[in-house]
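Every value quoted in this text rests on a predicted model; they were computed, and no experiment measured them. Just so you know, ligand 1 is whichever comes first in the structure, and atom 1 is the first atom listed for that ligand.
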Amino acid sequence: MRRKISIFGSTGSIGQNTVSLIQAQGGRDAYDVVALSGARNIPLLAEQARTLGARIAVTSEPSRLKDLRAALEGSGVEAAAGPDALEDAAAEPADWAMIAIVGAAGLVPGLRAAESGATVALANKESLVCAGDLFLRTCAANGARLLPVDSEHSAIFQALNGEKQEEVDRIILTASGGPFRDWSREAMARATPAQAIAHPNWDMGQRISIDSASMFNKALEVIEAHVLFDLPPSCIEVIVHPQSIIHSLVGFRDGSIMAHLGPADMRGAIGYALNWPDRRVLPIERLDLAALARLDFSAPDEERFPALRIAHDVMEMGGLAGAIFNAAKETALDGFLAGRIGFLDMSALVEHVTQTLGRDAAACGADYALGEVLEADALARAAGLAWMKCDVGA
Ligand code: NAD
Ligand code: MG
């Protein structure tokens, strides 16, 4: 059966890998591509839309509509622009939708895809951090299947295959430790964006690479796991594993641990979500365990990486504390990229905003609406900007 598919954020790192896998699996001859979306890279978006024969191509930036129209001239692909057009494209019926937009901007398109009843392959972990309860509720109400794409969560999802939830003891998320794994606090305080982007193992978008260096990525992932796998915070652990070969582990009540291994190549997790519940041949390297020879592990250092501690506070608070946390983190990251604050100031800002606004935002419990998520997000961004002005004088 030909499947109708859409890819939101198709021009990014996950999006391009998704397009390449779809191409490898027959491209437009095998799939009906409904919609693709990007932001600024119009030439790439147009090229992808032409190659895959997409029905609609959307840029999130209204000012780029003219360029997109010009680039799609004569192709038969409909061009659209702006957040509303993106929302409409996500609401178009599809069997499978990849949400690979970065940041809280991925939330609304993801919800619209879930409302359409599509199988949602979710790379955008921020949606689950900001509004996990709303996302799960929306999927359940519309019969939408949610498939994790984050490598750790795909690993856990695979390790849980055929297992009983009540027999799960704990989840162990692996973290590479990023480029600053062995740096001193003093050196980290002086780290530049270019140093933070240079991830040792994974080739990813700029923002997630910096989040990996600060371990905010792992903090988001701990919350993501809490939402996806319905386990209390005390059952979610993080272990530093510099080789990034074990993508995560599940511990069961009999003491057994199931680990998922593979090369550090996102096409593994994307391909699993694309072909689920089947497995197809994927163009990824096969592991040579003898050549690897060893796998190392160590406990994360919460002194240099406070993000994990903050994530635990956020989970304990519940409600919309995650929306506060994520927006504060995005604001801090913008400040760091713009040279307004230092690397370690990011966690100071996030901790301050989360402690100041988190409890109030948590008061709604699990029963909140999208409008409240967006309000919490805006509040935290304003508080983050205010912190930058006062505490750093930036
Ligand atoms: P990226 O920056 O490479 O790509 C982001 C995509 O989102 C691009 O298509 C961009 O045009 C689009 N975009 C950016 N801002 C937007 C906005 N405001 N509105 C609409 N679209 C916008 O990011 P990425 O590394 O591919 O990551 C995408 C998502 O997947 C993130 O949530 C990330 O945490 C998650 N993820 C990525 C990886 C990875 O290996 N890259 C691994 C696991 C999870
Ligand atoms: Mg991950």
Side-chain angles (χ1 to χ4, degrees), residues 6-20 35-46 48-49 57-64 68 80-87 89-90 98-110 112 120-130 147-157 173-176 178 197 199 201-212 215-225 228 238 241 244 246-248 260 262-270 272-273 326 329-330 333-334 337 377:
S6 288
I7 310 167
F8 299 100
S10 63
T11 57
S13 166
I14 293 286
Q16 289 185 54
N17 276 318
T18 309
V19 170
S20 83
L36 299 179
S37 89
R40 276 176 284 218
N41 192 344
I42 301 301
L44 178 61
L45 178 60
Q48 290 176 331
V58 191
T59 160
S60 56
E61 303 200 356
S63 63
R64 296 179 197 265
L68 183 60
D84 292 347
L86 182 57
E87 224 182 302
M98 163 62 80
I99 311 295
I101 292 169
V102 65
L107 173 62
V108 174
R112 294 295 170 253
V120 179
L122 190 66
N124 181 268
K125 63 193 87 187
E126 296 90 343
S127 321
L128 295 181
V129 173
C130 291
L147 297 175
V149 174
D150 217 345
S151 59
E152 295 77 2
H153 305 73
S154 174
I156 294 161
F157 186 70
L173 296 169
T174 50
S176 70
I197 289 165
H199 197 280
N201 305 342
W202 296 93
D203 179 13
M204 309 182 284
Q206 186 187 55
R207 298 183 73 89
I208 185 176
S209 297
I210 297 179
D211 284 349
S212 297
M215 288 193 82
F216 268 113
N217 180 50
K218 210 49 56 181
L220 296 173
E221 290 181 356
V222 166
I223 304 173
E224 181 186 12
L228 279 172
V238 172
H241 164 45
S244 299
I246 297 185
H247 294 150
S248 277
H260 175 281
D265 184 335
M266 282 308 294
R267 290 176 301 174
I270 298 168
Y272 186 74
N326 180 68
K329 196 274 310 167
E330 290 190 22
L333 180 52
D334 289 337
L337 279 170
D377 179 283

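Ordered by chain and residue number, the residues placing a heavy atom less than 4.0 Å from ligand 1 are G9, S10, T11, G12, S13, I14, G38, A39, S60, L86, A100, I101, V102, A105, A123, N124, K125, E126, D150, M204, G205, I208, M266.
With hydrogens and angles ignored, the 3.5 Å screen pairs no side-chain donor or acceptor of S60 with any backbone N or O of P83.
Residue L68 holds its CG atom at 11.5 Å from CD of E61, rounded to the nearest 0.5 Å. Here the straight-line distance linking atom CD of E330 with atom SG of C130 works out to 7.0 Å at 0.5 Å rounding. Rounding to the nearest 0.5 Å places CG of L36 at 8.5 Å from CZ of F8.
Heavy-atom minimum distance, S154 versus Y272: OG-CD2, 4.1 Å. Scanning all heavy atoms of the two residues, the minimum distance from V120 to I99 falls at CG1-CG1, 3.8 Å.
For the Mg ion (ligand 2), the set of protein N/O/S atoms nearer than 2.8 Å consists of D150 OD1, E152 OE1, E221 OE2, ordered by chain and number.
For the 3.5 Å distance criterion, the side chains of N201 and S244 qualify, holding a donor opposite an acceptor.
For the pairing with S176, the side-chain hydrogen bond (donor to acceptor under 3.5 Å, both in side chains) check across H241, K218, H199 returns one residue only, H199.
No salt bridge links E126 with K329; every basic N to acidic carboxylate O contact stays at or beyond 4.0 Å.
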